[in-house]
Amino acid sequence: MDATQDKRLFLIDAYAMIFRGYYALIRNPRLTSKGLDTSAIFGFTNSLIELIRREKPTHLAVVFDVGQASVRTEDFAEYKANRSETPEAIKIAVPYIHKILEAMHIPILGVEGYEADDVIGTIACKAEKEGYTTFMVTPDKDFAQLVTDKIKIYKPGLKGGDIEILGVEEVKAKYEIEDPKQVIDFLAMMGDAVDNIPGLDGVGEKTAMKFLKEFGNIETLLANTDKLKGKLKEKVEASAERGILSKKLATIICDVPVEFHQEQYDLETPDFEKVKEVFDEIEFRRLYENLYRAFAPAATETIVVSEVEVKQTSAGTEVKGQVMQLDLFANFEELDQATSTKSTIEHNDHLYQFIDNPKAQKKLVDNLLQQKVVCFDTETTSLNELEAELVGMSFSYKKGLAYYIPLSENRDEVLQTLEIFRPFFEKEDLLKIAHNLKFDYKVLQQYDITVKGAMFDTMIAHYLLNPDGRHGMDYLSEVYLNYKPVSIETIIGKKGKNQGTFRDADLRTQTDYAAEDADITFQLYELFAPQLKKENLEELFYNIEMPLMEVLAKMELAGISLDEKWLAQESVDLENDLRQLEAKIFELSGEEFNMNSPKQLGEILFEKMQLDPKAKKTKTGQYATSEDVLQKLSSKHEIIKHILEYRTYQKLKSTYVDALPSQIDKTDNRVHTNFSQTTAATGRLASVNPNLQNIPIRTLRGQQIRGAFVSGEGQKIISADYSQIELRLIAEISGEENMIKAFQDGEDIHASTAAKLFKIPLEEVSKTQRSQAKTVNFGIIYGQGAFALAEQTGLSRTEAKQMIEAYFETYPKLKEYMAEQVSKARQLGYVETILGRKRHLKDINSNNFVVRAHAERNAVNAPVQGSAADVVKIAMIKIDRELDEQQLKTKMLLQVHDELVFESPVDEIEAASALIKKEMEGALKTQVPLLVEIGTGDNWLEAH
DNA sequence: CTAGACACGC
DNA sequence: GACGTACGTGTCTAGA
């Protein structure tokens with residue numbers, strides 16, 4: 001700003017502002033520190049800083065009344081007597097304010113015997129001759145101060161926003177007068193010129209206005225009282241003296257002995273250190289940051305942030321920070337409310353700020369659109385995306401710098417604000433980072449915003465880097481950034497019925513939390529992105545997991561319909577069956593007990609009934625009563641089969657029949673599961689809330705529950721299943737020709753395996769032999785040993801061992817492959833899938849047999865299970881794209897590891913089925929054909 | 001409120 | 001000689 005062109009002198013009436021600040025604030029909970037009421041200090045200082053920030057004065061001084069105003073001493077006697085005692089807080093405030101002003105290098109003026117008004121008026125007159133525009137900063141509404149055309153009244157608003165600036169023109173217009181000095185006559189008449197001095201009796205605002213027009217000033221009025229009538233005449237004449245006194249007291253004396261040396265008033269940069277000392281003493285935190293911002297270099301909209309140095313040491317990450325020079329919005333006039341809120345500038349490592357002004361928000365978006373990489377985060381009222389209402393959004397594209405956009409409770413207003421941000425979310429070549437992006441994606445989708453283009457989920461990134469670990473942001477921050485973020489629970493309360501929502505928090509708290517999340521996530525991105533590249537995981541990340549995230553989001557939002565009527569009836573039926581079984585069991589055991597307690601059941605079976613003298617116990621000393629244990633006892637007592645049946649029904653009822661209806665979303669009557677992309681270490685998905693990946697299928701009664709998953713009106717369910725995908729993939733990966741050939745010839749793989757194992761023609765394979773071969777096939781996939789095999793097949797240990805040997809003879813490459821995986825794990829510490837998904841096996845060299853054996857089994861299993869997961873994921877992405885491309889309305893609803901479930905309008909079932917089968921079978925180029933079995937029906941059971 | 005036992009899926 | 005298939009989630013009980 002060029003001072004020679006625009007010389008703006010601000011003169012503050014100190015006591016007036018201190019009083020005003022005090023009275024404005026005492027209505028609020030008191031600002032105290034060390035037991036002192038700091039309202040007056042805060043009110044004044046806050047207004048001062050706000051003034052500097054907004055107006056950028058070139059010159060500034062604060063004027064105090066000093067001593068008795070001797071010029072008016074006599075007149076003051078009565079005037080003062082009517083004043084109430086100065087509040088203690090104001091007496092305390094003055095010395096602190098002096099200290100603050102000194103530290104800020106702001107001149108303190110005052111002339112013995114004169115009021116601040118007089119001093120200001122005199123200086124203003126002198127400054128005018130030097131070409132200044134002078135602003136008298138005062139909360140008073142008397143315009144007697146308007147001693148010259150050049151002076152303006154600057155009346156700061158209570159909350160910083162509603163300032164009022166009154167110059168001559170404004171005053172003339174307001175009072176419809178020629179000479180602004182007439183205002184004092186007006187005020188003297190109605191008694192509003194000086195505190196506690198009433199004006200003329202019987203004269204209010206309207207009468208005063210009339211008198212002003214008729215007589216011009218108070219003296220003329222009083223000289224012509226004969227023109228008045230009745231009571232009014234009497235009253236005015238009687239109170240004439242007071243009116244004159246009032247005018248006299250309010251008239252500014254413009255010849256105070258004070259010089260105006262402009263250089264004395266130059267606004268200088270404060271001594272921040274000193275100010276901070278004072279602020280620290282009275283515990284003003286936010287004010288310091290505001291002060292800092294107020295003095296930030298003007299006229300720049302770019303971020304000037306000094307770099308923060310990060311040092312990795314053995315003790316952890318060391319962050320050395322510099323002060324942020326400036327934020328985005330310095331000198332941005334429209335930004336009324338966009339004050340920075342983070343109080344930790346003393347840490348010098350970050351700047352968090354909220355922006356609630358649409359113009360400023362647009363500015364921010366302009367800025368975001370110029371970035372290549374931006375991190376964002378949404379804050380909502382709920383973790384359930386369907387219920388969640390947006391409370392705010394935060395953005396960060398530079399470490400230590402983040403913005404928070406608070407959003408209205410009114411949905412229409414939120415939609416308006418989101419329109420401003422739409423270009424950001426939709427920009428293709430802008431990498432949008434978030435932690436658990438699927439959540440934000442779904443929430444925004446509910447507001448008609450589709451996040452498009454390049455995306456980066458730091459949670460998924462970490463999952464690929466370390467699939468076994470935890471991936472929560474707080475955890476990652478502590479581990480990788482050595483920083484413990486503000487816990488959400490400190491804001492909204494502990495989990496439970498009394499937990500509030502993010503909306504209940506005040507804006508400053510919201511800003512701190514939300515901005516921090518965006519900042520941290522951005523920093524995690526900076527760490528993880530290069531690591532993904534280094535570990536060759538970029539392809540998997542950008543081409544599989546991130547696109548899959550979108551597919552999953554769509555599936556979850558779609559949900560699936562349930563036959564509630566059937567479930568309700570089934571609940572009743574199951575309950576009846578359970579009560580009958582229970583009665584039977586109690587009768588047989590001769591005692592009533594809690595059937596749902598394995599502990600009680602064990603005691604009944606093994607102590608009271610003595611069904612097995614060598615009963616197995618669990619590690620806690622309880623009797624084991626799991627299914628396999630009971631199964632072996634079934635011949636001993638009739639009660640066992642009832643118990644097993646009871647258990648099955650109890651499970652069906654509690655987990656499915658009763659639980660599922662409670663998960664139905666009220667708005668669309670469908671259940672919306674969540675597919676977790678980061679929990680299964682092998683690369684599989686997991687389904688939660690509810691888990692729709694473990695809906696019964698094996699037992700007849702269990703199967704009926706699948707029947708309750710129904711298609712909507714005019715639609716059918718399509719279910720597509722990979723046939724033996726894991727076995728096919730292990731054949732493929734190991735290059736085992738015998739197995740590959742069997743698959744290529746379309747043989748029944750288990751029968752084929754049995755034929756080879758038992759060296760008999762395929763046609764002669766018995767049911768038992770096929771079943772045994774099947775068990776071995778699965779055992780191989782899981783790295784099972786002879787002992788477990790024997791247990792499952794009923795063979796002896798030796799027989800089982802022989803069978804495994806025979807198996808490896810049949811499929812020699814398989815044996816090789818398994819050994820290779822283990823040795824690869826030993827050397828590299830990890831194994832990987834066909835797409836390079838890694839699983840780290842730190843226990844592979846353990847001396848503990850059990851631990852090591854576990855790791856070895858993982859070494860074999862992880863690539864197989866993981867590769868199968870990869871293939872299904874590829875298929876899902878391709879199907880989603882094709883459906884979109886061909887504009888089909890068929891929707892993917894569920895994924896159950898090797899099965900995909902769709903809902904398809906009746907008229908496109910054939911097209912959709914063909915498309916699905918094609919994409920699934922062609923997901924990966926393999927020697928071994930991938931076979932998909934597909935079916936349709938009115939519900940999931942029929943489709944199978 | 002947590003750990004353990006159990007049962008469902010692939 | 002040990003050793004008991006992988007990966008998950010949800011429900012319930014018991015005990016602190």
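Below, chains carry the letters A, B, ... as their sequence lines are ordered, and counting in each starts from 1.
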With sequence neighbours left out, what residues match A:His471 under ring pair (Phe, Tyr, Trp, His ring centres under 6.0 Å)?
-> A:His462, A:Tyr463
Counterpart residues, salt bridge (Lys or Arg N to Asp or Glu O under 4.0 Å), relative to A:Lys813 (two or more places apart) = A:Glu737
Flag if over 12 foreign heavy atoms under 6.0 Å of NZ, A:Lys891 | no
Output all residues satisfying salt bridge (Lys or Arg N to Asp or Glu O under 4.0 Å) with A:Asp843, sequence neighbours left out; order by chain, then residue number.
-> none
What residues in residues 681-695 of chain A put a non-hydrogen atom under 4.0 Å from any atom of DNA chain C?
-> A:Ala681, A:Thr682, A:Arg684, A:Ala686, A:Ser687, A:Val688, A:Asn689, A:Asn691, A:Asn694
Non-neighbouring partners of A:His897 that pass ring pair (Phe, Tyr, Trp, His ring centres under 6.0 Å), sequence neighbours left out | none
Counting heavy atoms from C-beta on, name the nucleotide in C:dG10, B:dC10, C:dG4 closest to the side chain of A:Lys616.
-> C:dG4
With A:Lys608, which residues qualify under salt bridge (Lys or Arg N to Asp or Glu O under 4.0 Å), at least two apart?
-> A:Glu591
Closest to the A:Arg698 side chain: C:dT9, B:dC10, C:dC7?
-> B:dC10
Represent DNA chain C in dot-bracket notation, 5' to 3'. Only Watson-Crick or G-U wobble pairs with both distances under 3.5 Å count; pseudoknot-style crossings use [ ] and interstrand partners use |.
-> ......|||||||||.
Looking at B:dC10, C:dT11, C:dG8, which one has an atom nearest to any side-chain atom of A:Asp898?
-> B:dC10
Tabulate below the donor-acceptor pairs under 3.5 Å that side-chain atoms of residues 694-705 of chain A make, not counting sequence neighbours, or state none.
unit_1   : atom_1 : unit_2   : atom_2 : d
A:Asn694 : ND2    : A:Tyr656 : OH     : 3.3
A:Thr699 : OG1    : A:Gly702 : N      : 3.1
A:Arg701 : NE     : A:Glu570 : OE2    : 3.1
A:Arg701 : NH1    : A:Asp577 : OD2    : 2.6
A:Arg701 : NH2    : A:Asp577 : OD2    : 3.0
A:Gln703 : NE2    : A:Ile697 : O      : 3.0
A:Gln704 : NE2    : A:Leu700 : O      : 3.1

Go through the structure and list residues passing ring pair (Phe, Tyr, Trp, His ring centres under 6.0 Å) with A:Phe709, not counting sequence neighbours.
-> A:Trp940
Closest to the A:Lys651 side chain: B:dC6, B:dA7, B:dA5?
-> B:dA7
Could you check which residues of residues 858-875 of chain A get a heavy atom under 4.0 Å from DNA chain C? Sort them by number, please.
-> A:Asn858, A:Asn861, A:Gln865
Pull out every residue in residues 819-828 of chain A that has a heavy atom closer than 4.0 Å to any atom of DNA chain B, ordered by number, or say none.
-> none
Sorted by number, the residues of residues 597-608 of chain A with heavy-atom contact under 4.0 Å to DNA chain C | A:Ser597, A:Lys599, A:Gln600
